[in-house]
Amino acid sequence: MAGLFRRMYDWLLRTFWATEMDVTMIGLQNAGKTSLLRVLSGGEFAIDSIPTVGFNMKRVQRGHVTLKCWDLGGQPRFRPMWERYCRNVNAIVFIVDIADLDLLPVARDELHSLMSQPTLAGIPLLVLGNKSDLPDRLSVDELIDAMDLKNVANREVSCYGISAKEETNLEAVLQWLMKFANR
Ligand SMILES: Nc1nc2c(ncn2[C@@H]2O[C@H](COP(=O)(O)OP(=O)(O)OP(=O)(O)O)[C@@H](O)[C@H]2O)c(=O)[nH]1
Ligand SMILES: [Mg+2]
């Protein structure tokens with residue numbers, strides 16, 4: 001009976017209080033953006049994920065909120081288009097491979113260069129350290145230092161460790177994003 005009321009309540013929310021929000025997912029190639037979006041939208045994790053050419057968009061439905069997620073290619077040739085896809089979104093998600101220590105300085109510089117764009121001032125930023133299932137990866141505190149997040153100004157910033165592969169901490173990601181649905 002409780003389940004039936006829950007479904008009716010969700011249906012009423014979706015019908016009369018539907019909210020759509022835009023989220024852009026960026027980060028260097030191989031960080032796991034497409035893998036994360038695939039599992040968030042109910043798909044299976046794939047070990048042989050193909051690099052994204054340009055962008056990919058998927059909707060993730062949570063109760064009355066639809067998250068319209070833009071997943072951008074992370075190879076150098078696609079990075080110049082990140083700024084355009086981040087304008088006017090509700091939140092930016094920057095994904096980092098926390099087991100690839102060599103690429104961290106590049107990820108940090110790309111993030112800071114993007115965050116200094118006047119067009120993106122004030123947009124909330126969620127930095128995700130992905131691949132927490134792998135050995136020899138950074139902790140969240142080490143990632144905050146490596147990405148110099150204390151120097152990202154004028155916006156709300158959070159940082160979580162996740163694993164798209166093991167679906168670790170994904171609920172916290174959605175809860176954080178949904179706080180910005182109506183802003
Ligand atoms: N171990 C592990 N591997 C992961 C995880 N997430 C993604 N991968 C692997 O990392 C590789 C790259 O994943 P993608 O999702 O294609 O990366 P991407 O950030 O979309 O890459 P681009 O589209 O080129 O920017 C694939 O081989 C994935 O299987 C994870 O949480 N753990
Ligand atoms: Mg991709």
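Counting starts at 1 for both ligands and their atoms, following the listed order.
The Mg ion (ligand 2) has no N, O or S atom of Ser35 inside 2.8 Å of it. At least one N/O/S atom of Thr34, from backbone or side chain, sits under 2.8 Å from the Mg ion (ligand 2).
A salt bridge links Glu20 and Arg59; the closest N-O separation between the charged side-chain nitrogens and carboxylate oxygens is under 4.0 Å. One finds no salt bridge joining Arg108 and Asp148 here, because no Lys/Arg side-chain nitrogen approaches an Asp/Glu carboxylate oxygen to under 4.0 Å. Salt-bridge annotation for Arg38 and Glu44: absent, with no side-chain N of the basic residue lying under 4.0 Å from a carboxylate O of the acidic one. The residues Glu171 and Arg62 are annotated as salt-bridged, a charged nitrogen and a carboxylate oxygen being separated by less than 4.0 angstrom.
Under 4.0 angstrom from ligand 1, the non-hydrogen atoms of Asp133 all belong to its side chain. At a heavy-atom cutoff of 4.0 Å, ligand 1 is contacted by the side chain of Phe45 but not by its backbone. With a 4.0 Å cut-off on non-hydrogen atoms, Ile162 does not touch ligand 1 at all. At a 4.0 Å heavy-atom cut-off, ligand 1 does not touch Leu36 at all. Under 4.0 Å from ligand 1, not a single heavy atom of Ser132 appears.
For the residue pair Thr24 / Trp70, no side-chain donor-acceptor distance below 3.5 Å is found, with atom types taken as modelled.
Among all non-hydrogen protein atoms, the one lying nearest atom 9 (C) of ligand 1 is Lys131 NZ, 3.9 Å. With hydrogens left out, the protein atom closest to atom 17 (O) of ligand 1 is Gly32 N, 3.1 Å, a heavy atom. Among protein heavy atoms, the minimum distance from atom 27 (O) of ligand 1 is reached at Ile47 O, 2.8 Å. In terms of protein heavy-atom proximity, atom 16 (O) of ligand 1 is nearest to Ser49 OG, 2.6 Å. The protein atom (non-hydrogen) at minimum distance from atom 19 (O) of ligand 1 is Lys33 NZ, 2.7 Å. Among protein heavy atoms, atom 7 (C) of ligand 1 sits closest to Ser35 OG, 3.3 Å. Of all protein heavy atoms, the one lying nearest to atom 21 (O) of ligand 1 is Asn30 N, 3.0 Å.
By heavy-atom distance, the residue among Gly74, Gly129, Gly54, Ser163 lying nearest atom 25 (O) of ligand 1 is Gly74.
The shortest N/O to N/O separation between Gln75 and ligand 1 does not fall below 3.5 Å. The distance criterion of under 3.5 Å between nitrogen or oxygen atoms is met by Ala31 with respect to ligand 1. Between Asp71 and ligand 1, not a single N/O pair is under 3.5 Å apart. Residue Gly27 places no N or O, backbone or side chain, under 3.5 Å from any N or O of ligand 1.
A side chain to side chain contact (heavy atoms under 4.5 Å, CB included) with Ile26 is found for one member of Phe55, Phe78, Phe94 and no other, namely Phe94. Between Asp97 and the options Gln29, Arg137, Lys131, a side chain to side chain donor-acceptor pair (under 3.5 Å) holds for only Lys131.
Residue Ala99 comes nearest to Pro135 through the heavy atom pair CB-O, 4.5 Å, listed as atom of the first residue, atom of the second, then distance.
Looking only at side-chain heavy atoms (C-beta outward), Lys179 and Glu156 come within less than 4.5 Å of each other.
Proximity to Leu134 (heavy-atom distance under 4.0 Å) selects the following atoms of ligand 1: 1 (N). Of all atoms in ligand 1, listed by their number and element, those nearer than 4.0 Å to a heavy atom of Ala46 are 28 (C), 29 (O). Taking a cut-off of under 4.0 Å to the non-hydrogen atoms of Pro51, the atoms of ligand 1 that pass are 23 (O), 24 (O). Every atom of ligand 1 with a heavy atom of Ala164 under 4.0 Å away is listed here by number and element: 6 (N), 31 (O).
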